[in-house]
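Working notes for the structure below.
Quick note on labels: first sequence line is chain A, next is B, and so on, each numbered from 1. This one's a predicted model, so the numbers in the text were calculated from it and none came from an experiment.
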There are 2 protein chains.
Amino acid sequence: MKVSVRKREIIKVASQLFKDKGYNAVSMRDIALELGIKAASLYNHIEGKQEILSILVLDLAKEFTLGMNKIASSELSPTQKIEQLIEMHIDITVTQSEALAALNNDWMHLEGEDLKSFIEMRDDYEENFRSIIKAGIANKEIKNYHPEVILFSILSTLRTLYLWYQKRGKLDVNVLKKDMVAVLLKGII
Amino acid sequence: MKVSVRKREIIKVASQLFKDKGYNAVSMRDIALELGIKAASLYNHIEGKQEILSILVLDLAKEFTLGMNKIASSELSPTQKIEQLIEMHIDITVTQSEALAALNNDWMHLEGEDLKSFIEMRDDYEENFRSIIKAGIANKEIKNYHPEVILFSILSTLRTLYLWYQKRGKLDVNVLKKDMVAVLLKGII
DNA sequence: GTCTATAGGATGATAGAC
DNA sequence: GTCTATCATCCTATAGAC
């Protein structure tokens with residue numbers, strides 16, 4: 001799995017364009033133009049447009065899966081696990097917001113096995129998160145609301161954080177983590 | 001502003017396709033196929049593909065703007081205003097999830113004045129929401145966290161609710177409102 | 001590693017018959 | 001109101017020269 005410098009450049013440039021306009025609205029010519037070369041030259045480094053999307057989405061999905069597995073299998077309490085998950089999402093948002101945009105918005109344009117394996121990873125991730133919440137409710141650490149409402153409320157905030165962090169990016173990451181954990185866990189009133 | 005029955009059918013079918021695949025991945029031929037006619041026939045009812053997107057996104061944006069203006073200018077407390085906003089989002093999610101998907105994911109494919117007026121409505125909406133939160137903090141009704149974190153956390157949950165409601169759609173709307181208001185306002189622990 | 005040239009197909013939209 | 005036929009343009013990708 002060695003990836004050349006040029007290939008990494010292509011993926012990076014493409015991810016920035018995907019973030020703004022979406023996978024389908026970005027052409028190989030757009031990507032090439034940004035790199036100062038012709039579209040045909042891209043094919044010396046990558047197999048095609050699909051490969052760029054697969055790398056972006058699947059690499060990040062694997063990173064989320066690894067992080068979740070580590071946290072889920074730890075000895076922490078449910079609440080502490082959720083705190084760790086929130087912090088993981090914030091760290092990934094700060095360092096990989098472009099790939100996160102592709103994962104959120106363009107995963108449906110994956111094809112074949114790539115699409116299947118993405119959906120499987122996403123479903124596993126949600127199932128792990130759901131189990132942590134349910135353990136917390138059983139535990140009395142977490143209030144007895146509908147677990148799906150809790151899961152959705154936290155996940156949707158974390159998943160779209162990238163949209164907002166770029167605009168309000170001046171906010172210190174540690175302040176963000178502290179306030180975000182507090183708002184999501186303890187509410188606002 | 002009279003809209004023919006056929007035109008409404010076209011917009012409805014298109015919105016369902018846009019929701020699944022995104023504006024750019026849906027062709028006029030796809031829309032026509034779903035209606036059992038040829039792509040060229042669509043142009044007797046609509047100006048073009050762009051018009052479908054404009055109607056979907058701008059009509060819904062205007063509905064949000066109206067709802068916000070009514071709530072913001074009421075005599076309710078900041079917390080009560082936020083409750084009303086949450087309920088409004090849930091009602092719109094339940095009745096217009098396809099248009100909501102377009103508003104969330106495809107607004108950037110609007111052009112010219114339509115794009116400008118959408119962005120203006122969206123910014124106004126957020127500014128109104130922000131003011132309500134700040135009034136609540138000044139009021140001591142709402143805890144003194146970073147207002148942007150509170151705003152983002154609530155808005156991102158409400159904006160992506162349509163993604164989740166379709167999957168877990170069996171949940172009763174009133175149960176959803178009750179639990180969602182509680183989770184967002186009072187937290188989970 | 002980049003180029004030019006081009007294949008082969010999809011796209012949004014129009015003209016004009018029925 | 002729908003059709004067939006078609007245009008002009010864009011798209012991803014390949015072949016082969018340099």
Is there a continuous path of hydrophobic side-chain contacts, each under 4.5 Å between heavy atoms, that joins L76(A) to I142(A)?
no
Phosphate-side-chain proximity, [X] and [N], N/O vs OP1/OP2 below 4.0 Å:
X      : N       : answer
S41(B) : dG1(D)  : no
S27(B) : dA10(C) : no
Y43(A) : dA13(D) : yes

Output the rounded distance in Å from [atom1] ([X]) to [atom2] ([N]).
X      : N       : atom1 : atom2 : result
K7(B)  : dG1(D)  : NZ    : C1'   : 15 Å
K49(B) : dT9(D)  : NZ    : P     : 19 Å
I46(B) : dG12(C) : CD1   : P     : 10 Å
I52(A) : dC11(D) : CD1   : P     : 14 Å
H45(A) : dT14(D) : NE2   : P     : 15 Å

Nearest heavy atom decides the nucleotide; on that basis, is V26(A) or R6(B) closer to the 5' end of DNA chain D?
R6(B)
Taking NZ in K12(B) as the centre, count heavy atoms belonging to other residues, nucleotides or ligands within less than 6.0 Å. Is the count above 12?
no
Would K19(A) count as a cation-pi partner of Y162(A), with NZ or CZ less than 6.0 Å from the six-membered ring centre and within 45° of the ring normal?
no
Go through the steps for Y23(B) and Q50(B) under the test side-chain contact (heavy atoms from CB on, under 4.5 Å), then give the verdict.
CA-CA 10 Å; Y23(B) 178 75; Q50(B) 271 285 321; 3.6 Å; yes
Less than 3.5 Å apart, which donor and acceptor atoms pair up between the side chains of residues 173-181 of chain A and the rest of the protein, not counting sequence neighbours?
unit_1	atom_1	unit_2	atom_2	d
K177(A)	NZ	D91(A)	OD1	2.9
K177(A)	NZ	D91(A)	OD2	3.3
D179(A)	OD2	H146(B)	N	2.8

Fit a plane to each ring of Y125(B) and H89(B), take the angle between them on a 0 to 90° scale, and name the class: parallel (under 30°), tilted (30 to 60°) or perpendicular (over 60°).
perpendicular
Check every strand shown and say whether A40(A) touches a base, only sugar-phosphate, or nothing at a heavy-atom separation below 4.0 Å.
base
In residues 28-38 of chain B, which ones come under 4.0 Å of DNA chain C, going by heavy atoms?
M28(B), R29(B)
